[in-house]
Structure formats: structure tokens, C-alpha cells
Amino acid sequence: MLQPSDFSLLPCTEEDFLVIASWRHFCFPPFDPTADDDPVSLDTFFCNVVPNEDEEHFSKTYKLVKKAKPDDILALASIANSGFSFGSYENKPANLRNTGYNEDFPSVMLLAFGVRLDWQNRGIGSVAFKKLLQMIRKSSIAGVRLLTLHPLESAVSFYKSLGCIEVFNEDCQDEVESMFIDIWQ
């Protein structure tokens, strides 16, 4: 059984991106936000889109590693600042009503999240996600309340199992448009 204390979540370095680019371990087809929804590998996103934006403080990517093998990247997560608004959604979740916030919530957006193919379905994703929440809680000094994300359809049940709440598309009520988790709950 995996022990979360055996793992660390660390900032990625330029060298990490070079290693990831040579592996092709994070390949599955999410959509490239820069290319009209053309499928691309997650490796391409982490290695081409993320590092350039990190220089401009747009995003930050973290790697999950075993403490005993800090060069062996098992999972990646990229986050960025976000201003999530419930103004465009009919039903604001009950746990966020009357909290003193208006319809816009201080939030962090999960831009990309991936578990290395040979480590999938072994609990590493849950460990990485929980460590990410822990890190955000510890470093949040500006009142960040939510972690938001736009899930792949196949990942909705994974995020629900971690406590994320669906926000449905108003045009198609059975389609999950976004998800969020209240970091402080």
C-alpha cells in the first residue's frame, strides 16, 4: 500500500522538462488549449506550453517523486491563478453560499494533471492530488478558496472520488463543464 509520507511534491526544473520530453510517459489525448481542441499528448503540453508560461509567472508545474528516488517523476500537476465565477451558473453550491464572497472566488486552476502511464491505477494520482491541496493550503496567503479544473470526461469519477464537485454545462445539464474543491473544507 502506498504511504503518502514516502512521496514528495517538488517544483519542476528545466531539466525535468527535458527528461519528460524524451520519455513519452504521460501520453494520453487531452486537448491543446492553443490549437482548436486538437488532441495532443500531455507530454507536449508539459514540455512546450507550460515551461514558457512559467517564466512569465503564469503557471507552476510540480512533480511527485518517491523520496528514495527523487529523479523518478511519477506524476505532474500544473497550476495557475484563476478567478472562478459562479455568476454564469444557476446554482451556487450550498457550501459556498453566504461565505462573504461575491460570485467570484479566489482560486487556483489545475491546468494539467497526469500520472505516468506505468503508475496509473495504483493510487499515485490520489497521493499527488492530496499533496497538491496540502501545498496550496500551506502556501496560500491571499485567501485562495477553491481549486478548479476542467476534467476530461474519463477523469470525472476520479476527481469526484477526491471530493471535487461538478459544475454542469447550462446548455447540456449532464455534461460536466468544470469541477472544483473547496480547499478549506
Side-chain angles (χ1 to χ4, degrees), residues 1-33 37-51 54 59-80 82 107-140 144 146-167 175-185:
M1 178 140 163
L2 297 177
Q3 297 298 318
S5 59
D6 292 340
F7 299 91
S8 295
L9 191 68
L10 306 169
C12 276
T13 64
E14 286 184 37
E15 293 79 25
D16 291 329
F17 292 115
L18 294 174
V19 170
I20 294 164
S22 68
W23 283 351
R24 296 290 182 219
H25 282 309
F26 292 90
C27 291
F28 64 88
F31 294 101
D32 181 350
D37 291 341
D38 290 333
V40 295
S41 74
L42 198 55
D43 302 79
T44 302
F45 180 83
F46 281 124
C47 295
N48 296 329
V49 178
V50 172
D54 185 42
S59 65
K60 188 73 178 168
T61 299
Y62 296 89
K63 61 185 177 181
L64 184 78
V65 297
K66 274 191 163 184
K67 288 181 179 176
K69 294 176 106 180
D71 293 331
D72 193 18
I73 301 170
L74 307 177
L76 294 168
S78 291
I79 58 174
S82 172
S107 58
V108 173
M109 169 68 79
L110 184 64
L111 295 176
F113 184 80
V115 173
R116 205 169 79 193
L117 291 173
D118 58 336
W119 277 86
Q120 290 181 3
N121 300 313
R122 293 168 60 180
I124 283 292
S126 297
V127 170
F129 192 83
K130 289 172 185 175
K131 289 222 174 253
L132 182 66
L133 290 178
Q134 246 178 0
M135 185 211 53
I136 294 169
R137 279 186 205 107
K138 284 182 183 176
S139 62
S140 177
V144 170
L146 305 176
L147 174 71
T148 62
L149 57 109
H150 299 292
L152 292 172
E153 190 175 322
S154 59
V156 170
S157 60
F158 166 73
Y159 290 116
K160 281 178 69 172
S161 75
L162 295 167
C164 293
I165 299 169
E166 306 110 312
V167 179
E175 180 183 315
V176 176
E177 183 175 312
S178 297
M179 296 183 86
F180 72 91
I181 188 166
D182 188 337
I183 293 169
W184 299 105
Q185 289 281 319

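- In this view, K160 and E166 satisfy the salt bridge (Lys or Arg N to Asp or Glu O under 4.0 Å) rule, not counting sequence neighbours.
- Looking at residues two or more places apart in sequence or on another chain, you find a side-chain hydrogen bond (donor to acceptor under 3.5 Å, both in side chains) between T13 and E15, D16.
- In this structure, the side chains of D71 and V65 stay at 4.5 Å or more apart for every pair of heavy atoms.
- When every heavy atom of C12 is checked against every heavy atom of Y62, the shortest pair comes out as SG-C, 4.0 Å.
- With rounding to the nearest 0.5 angstrom, the CG atom of L10 is 9.5 Å from the NZ atom of K67.
- Taking a 6.0 Å sphere around NZ of K69, one finds it holds 12 or fewer heavy atoms contributed by other residues, nucleotides or ligands.
- For the pair G123 and L2, the tightest heavy-atom approach, listed with the atom from each and the gap, is C-CD1, 3.5 Å.
- The shortest distance between side-chain heavy atoms of K66 and L74 falls below 4.5 Å.
- With contacts defined as side-chain heavy-atom distances shorter than 4.5 Å, the pair L110/L132 qualifies.
- For S107, the side-chain hydrogen bond (donor to acceptor under 3.5 Å, both in side chains) partners at least two apart in sequence or on another chain are S82.
- A heavy-atom distance below 4.5 Å is not found between the side chains of I181 and Y159.
- Looking only at side-chain heavy atoms (C-beta outward), I124 and R116 stay at 4.5 Å or farther from each other.
- To the nearest 0.5 angstrom, F129 atom CZ is 12.0 Å from L9 atom CG.
- A distance-only check finds no donor-acceptor pair linking the side chain of K60 to the backbone of P11 [under 3.5 Å].
- The side-chain heavy atoms of T148 and M109, taken from C-beta on, include a pair separated by under 4.5 Å.
- Smallest separation of non-hydrogen atoms from C164 and L149: SG-CD2, 4.2 Å.
- The CZ atom of R137 sits 10.0 Å away from atom CG of L147, with the distance rounded to the nearest 0.5 Å.
- For the atom pair CG of L111 and CG of L76, the computed distance is 12.5 Å after rounding to the nearest 0.5 Å.
- Scanning all heavy atoms of the two residues, the minimum distance from D182 to L146 falls at CA-CD2, 3.9 Å.
- In this structure, M179 CE and F158 CZ are separated by 10.5 Å, a value rounded to the nearest 0.5 Å.
- Side-chain contact check for M135 versus I79: some heavy-atom pair is nearer than 4.5 Å.
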